Structures are given as C-alpha cells and as structure tokens.
Amino acid sequence: QLQLVESGGGLVQPGGSLRLSCTASGFSLNTHAVGWFRQAPGKGREDVSCISMSGSSIEYADSVKGRFTISRDNDKNTVYLQMNRLKPEDTAVYYCAAGRNAYRPISTFLRRYGDWGVGTQVTVSS
C-alpha cells in the first residue's frame with residue numbers, strides 16, 4: 001500500500017522552529033518530486049515548497065522564502081521542511097504530496113496528479 005505520512009507538527013511560539021518530515025512507505029520517494037502545502041481554517045490550500053526528484057529544482061512560496069528550507073534524504077525515504085522564524089500566519093495543516101515525472105512548476109503538477117498524506121497540524125501561538 002502506497003502511503004505518505006507527515007510528522008513533526010505541533011505548537012510553537014512565534015519566532016520558533018519546527019521540522020516537518022514526509023516519509024513514504026510502499027514506494028521509493030527517490031523517483032518522485034515532493035511538495036509541501038498548507039491549509040489554514042477557512043482558506044484554500046496554499047503552496048509552500050517543492051523539490052524535484054534530483055533535488056536540483058526547488059520552489060518556495062514568497063511567504064516562506066528565507067524562513068523555510070526543503071530537503072530530501074533518499075536513504076531515509078524522507079523529505080523535510082525546516083521551518084524557522086515561524087509566524088502566527090503559518091498556522092495550518094501541512095500536507096505533503098509526491099508524484100513521478102513531474103513538470104514545472106512542480107506545485108501545479110502535484111496539485112493535479114500527486115498522492116497526498118493526511119497532514120500534520122502546525123500552530124504558531126504565544
């Protein structure tokens with residue numbers, strides 16, 4: 001069974017950090033582009049960051065540039081999202097998605113064709 005599992009969410013104070021993980025089971029992430037998306041209450045799903053299969057192409061939403069970093073560890077079959085200097089407006093459920101043979105922008109491809117995890121809650125609040 002193909003499955004993506006997000007982890008690492010939680011409650012953090014403004015200015016703090018979290019690292020999210022997206023781990024695949026039943027298939028290898030090495031052959032997939034992977035992306036992170038988020039959805040806040042009452043809002044649509046928003047692109048956060050994506051990484052190509054090789055890691056050579058990376059996309060960031062303007063709202064997270066300079067604060068978030070996406071990376072992949074193919075040995076661990078995991079893609080990470082390091083989130084620093086978190087703000088209350090980063091509060092959302094964070095989802096990862098993966099897909100093969102992705103075209104650019106990767107976020108558009110994954111929205112249309114990606115396989116999705118169930119999400120992990122990130123709450124930024126004092």
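As the structure is a computational prediction, the values presented were derived from the model and not from experiment. Side-chain atoms are counted along with the backbone in the values below, which use heavy atoms only and exclude waters and symmetry mates.
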Tell me whether Ser52 contacts the main-chain N or O of Ser57 through its side chain, where contact means a donor paired with an acceptor under 3.5 Å.
yes
Run the salt-bridge test on Lys87 and Asp90 with the 4.0 Å N-O cut-off and return the result as yes or no.
no
Any sub-3.5 Å donor-acceptor pair from Glu59's side-chain atoms to Pro105's backbone N or O?
no
Where is the tightest heavy-atom contact between Leu110 and Gly35, given as atom of each residue plus distance?
CD1-N, 3.3 Å
I'd like to check Leu20 versus Tyr95 (side-chain heavy atoms, cut-off strictly below 4.5 Å). Are they in contact?
no
Nearest 0.5 Å, what's the NE2-CG distance between His32 and Asn74?
12.0 Å
Going by the angle between their ring planes, with limits at 30° and 60°, are Phe109 and Tyr103 parallel, tilted or perpendicular?
perpendicular
Under 3.5 Å: donor-acceptor pair, side chain of Arg72, backbone of Ala33:
no
Determine the minimum heavy-atom distance between Ala92 and Ala40, stating which atoms define it.
CB-N, 3.8 Å
When you group the ILVMFWY residues by side-chain heavy-atom contacts below 4.5 Å and let the links chain together, are Phe68 and Val122 in the same group?
yes
Working to the nearest 0.5 Å, report the span between SG of Cys50 and CZ of Arg104.
12.0 Å
Residue pair Tyr60 / Ile70, side-chain heavy-atom distance below 4.5 Å
yes
Which pair of non-hydrogen atoms, one from Ser49 and one from Ile58, has the smallest distance, and what is that distance?
OG-CG2, 4.4 Å
Keeping the roles fixed (side chain from Asn77, backbone from Thr23), state whether a donor-acceptor pair exists under 3.5 Å.
no
Looking only at heavy atoms, what is the nearest atom pair of Val93 and Gln121, with distance?
CG2-OE1, 3.2 Å
Quick check on side chain to side chain contact (heavy atoms under 4.5 Å, CB included): which of Leu81, Ile51, Val64 does Trp36 satisfy it with?
Leu81
Would a 4.5 Å heavy-atom cut-off, applied to side chains only, mark Thr123 and Val12 as touching?
no
Show the numbers, then the answer: is there a salt bridge (Lys or Arg N to Asp or Glu O under 4.0 Å) between Arg38 and Asp47?
CA-CA 7 Å; Arg38 66 187 182 187; Asp47 302 345; over 6 Å; no
Check: Cys96 main-chain N/O paired with Glu6 side-chain donor or acceptor under 3.5 Å
yes
So which atom in Leu4 and which in Ala98 form the shortest heavy-atom distance, rounded to 0.1 Å?
CD1-N, 3.7 Å
Gln39 side chain vs Glu46 backbone, donor-acceptor pair below 3.5 Å
no
Under the ring-ring contact (aromatic ring centres under 6.0 Å, His included) rule, collect the residues that match up with Phe37, sequence neighbours excluded.
Trp116
Closest non-hydrogen contact found for Thr91 with Val124 is OG1-N, 2.9 Å
Are Ile106 and Leu29 co-members of a hydrophobic cluster defined by side-chain heavy atoms under 4.5 Å apart?
no
Taking only residues at least two apart or on different chains, which pairs with a member in residues 10-19 satisfy side-chain hydrogen bond (donor to acceptor under 3.5 Å, both in side chains)?
Ser17-Asn84
